[in-house]
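Data block below; observations after.
Positions are given from 1, in the same order as the sequence printed here. A quick note: this is a predicted structure, and the numbers were derived from the prediction, not measured.
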Amino acid sequence: MDEKSPELLKGSVEQIVYRNENSNWTVLELESEEKLHKVVGVLPMIGVGEILNLSGRWVDHPSFGRQFRAEYCERHLPVEGDAILRYLSSGIIKGIGPKTAIRIVEKFKDKSLEIISNEPNRLTEIKGISPSRAEKIAQEYARQFGLREVMLAFADYGLTPSEAFRSWKRWGNTTIEQVRANPYLLCSSGLYIGFERADRICMNMGRPADDPGRIEAGILYVLRHNLNNGHTCLPADKLINVTVSMLGVTKEQVSDMLDEMVSSFVVKEEMLADRRFIFLNYIHKAEKYTAARIQSMLQSPPPSVGNAEKSIDRVEKRCGITYAEQQRLAIIQALKKGILILTGGPGTGKTTALDAIITLLEEMGQTVAITAPTGRAAKRMIELTGKEAKTIHRLLEVKWDDEDTPAFERNENNPLDADAVVVDELSMVDSILFESLLRALKTGCRLIMVGDSDQLPAVGAGSVLHDLIESGELPTVQLTEVFRQAMQSNIVNNAHRIVSGKMPVLNYRQGDFFFMPQNDTQNVVQTVLDLCSTRLPSKYGITVGNGIQVLCPARKGELGTQEMNRRLQELINPKTQHNHEMVVEGVTLRTGDKVMHTRNNYDIAWTKDGGEIGQGVFNGDIGILEQVNPRDSAISVRYDDRVALYNVQDAKDLELAYAVTVHKSQGSEFEAVILPIFRNIPLLCYRNLLYTAVTRAKSLLIIVGSKLTIKEMVDNNRKTMRYTGLRYFLTQGHDTQL
């Protein structure tokens, strides 16, 4: 975003309108020059009567009007009796209510806060305050004073109030001391302060490159970074080599530090297939727990259902349907084994078999919970089964803990009431989420897992579906027969040809699958642009805003999402005098643009159409830019029924979404998909990427490009390789006791 000098606002706090106790997102009224202003931002423990020096931006909220969005805050306590009374009466200090505040200020007047800070024993001079209560008041006041110091010190490091508050919650009044001693503590999980920023702070302090704290932080950074690549662990030799290259230190120094970290239980090591692997502790715990719980469920299944065959016959007769042999086997396994993986490609009848399983379980009087990893997938289950379905997060009753990470109300101590849980789109579920789901299952609960093992693995770390199947430990039914009705879809036919290593049929002249050959990159680009801007809107009445999605194998290059988004924006939403724009890290964002949010951010405020306010925008959310205000450096984005407001910092998490990568599209289904395939990057030229892209299309798929490149992708059956431990823990005799 174009750099602008921050605006300043100084005044006294008149009223706290709203405060989120977890994130400390605050809405307050500030009196400045005899005017009241609405101020919003992460403002921890601000109290009525305080004097604030704020740095930030004026923004126009679509629902609440003009506001000052505070990005940095310098706080000063009130110094006069009336202001001190208002401050203490606000309840900001636990142990002091309005009546006690009056007594304190009547007794000590302008020195009230000084007394609380330096001579708290004198509070006992006031009726009703015992020595123990005076001590608690002093401790609470000292705690808040420590936060003020942290916020001021962190501002010098270029860190935000939100980052200061998260750190202070972690270390309290020792925060400044600890961070100065080891700036790499800022890289700790839950603080969301990257290694690069901590490293910059440390280098500015004059620390040596081989500082032990730096090497340890570097190792942890490499492990955490590779979670984003899907790996739950790394071979020790690879981990050491990457860390050496990144930090510019010796191999011996990194190896010695890694050994020390293992010995002190900072990380975990395992020998998997005679190779040493290193795990972050929590991901190691997740995979070990998952293996143990699965083994426990296999060893102690729920009671087998008698006369399963007759029950299936009864459903067939009532519904006028005949289940295929594999479908019948899946239904029987689900009823008798209590745990099942049901997998298969499009058109193989997974939903039909699943519907029978749910029906029979409910007829037995069992409560069935249906869940999926995304809202779109859950909505699709509702449409297909006619029954309620929830996202996994909603099913487990997600709450955000003190570090803005998901914590679930449903767990071992408060399990789900369901007798059976059906999980759709399991290929999208990562190791941590799967562990959380298993922890919420009561003893004897049936677990039916449905997914397509030929799709790309989850965006998060782990390869749960693949590892469960590969272990050979769980009952698994793979549906392979494509039913006649589904065979009428060319998308379905070609998806199965691709996954079996055959070339898709590319010469269809009607139906839902079309190939448009082109002999150079520019022709591919121009064809995609024409399809999006005129041809598809004219023929089918759909647009990039309500049905068309371009999927690209890569981000970079002439056919990558970055360049394709630039060209599509230029064509579909060009600059006019009516649509404002601003530049965010080199990318122009304009009113009316289709955008995607790329990182979980729990601090972004949103307002629903009905007036409800809340916080949190998540990775993968797609919306439309409703308003761009260059003067205030503010952006508002509509995500379905809510509008989120972005400031300078938050807007860096937005990118154009006329085109998205195939990986980003996983788990989504679009009315029409346009897929440019032409001389792909070799690393992105493989079969299950093409298969995943094709199966994202609901009603129409158009491939534009090269038949040769399509053949190269079909011929390359390289699976997306991930380092994980789950399969080994399930099969290699590890101690997997619960």
Across all chains, not counting sequence neighbours, the side chain to side chain donor-acceptor pair (under 3.5 Å) partners of Thr576 are Asn579

*Counting only heavy atoms not in His580, do more than 12 sit closer than 6.0 Å to its NE2 atom?*
no

| query | Side-chain donor-acceptor pair under 3.5 Å between Tyr184 and Asp199, yes or no? | reply | yes

Please confirm whether the backbone N or O of Ala644 pairs with a side-chain atom of Ser636, one donor and one acceptor, at under 3.5 Å? no

Hey, is Lys109 close enough to Asp82 for a salt bridge, meaning N to O under 4.0 Å? no

Discussion item. Treating Thr598 as the side-chain partner and Asp653 as the backbone partner, does any N or O pair qualify as donor plus acceptor under 3.5 Å?
Written reply: yes

Tested for ring pair (Phe, Tyr, Trp, His ring centres under 6.0 Å) against His597, the lone hit among Tyr639, Trp606, Tyr646 is Tyr646

> Distance-only, no hydrogens or angles: does the Thr391 side chain make a donor-acceptor pair with backbone N or O of Arg394 under 3.5 Å?
Replying inline: yes

task = Output yes when a side-chain donor or acceptor of Arg590 lies under 3.5 Å from a complementary backbone atom of Asn573, and no otherwise.
result = yes

Would you please classify the geometry between the Phe68 ring and the Trp58 ring as parallel, tilted or perpendicular, with 30° and 60° separating the classes? perpendicular

Report yes or no: does Arg214 contribute a side-chain atom to a donor-acceptor pair with the main-chain N or O of Ala209 at less than 3.5 Å?
yes

Review point. Between Glu140 (side chain) and Glu135 (backbone), is there a donor-acceptor pair under 3.5 Å?
Key: no

Does the Arg66 side chain pair with the main chain of His37, one donor and one acceptor, at a distance under 3.5 Å?
no

Taken in chain and number order and not counting sequence neighbours, the residues that satisfy side chain to side chain contact (heavy atoms under 4.5 Å, CB included) with Asn121 are Glu119

Gly47 backbone acceptor or donor facing Glu50 side chain under 3.5 Å:
yes

Discussion item. Taking the basic N atoms (NZ, or NE/NH1/NH2) and the acidic carboxylate oxygens, is any pair closer than 4.0 Å for Lys10 and Glu33?
Written reply: no

(message) Has Asn414 got a side-chain atom pairing as donor or acceptor with Glu409's backbone, closer than 3.5 angstrom?
(response) yes

Hits for side chain to side chain donor-acceptor pair (under 3.5 Å) against Glu196, two or more places apart or cross-chain, chain-then-number order -> Tyr221

Point to revise | Short side-chain to backbone donor-acceptor contact, Asn281 and Val266, under 3.5 Å | key: yes

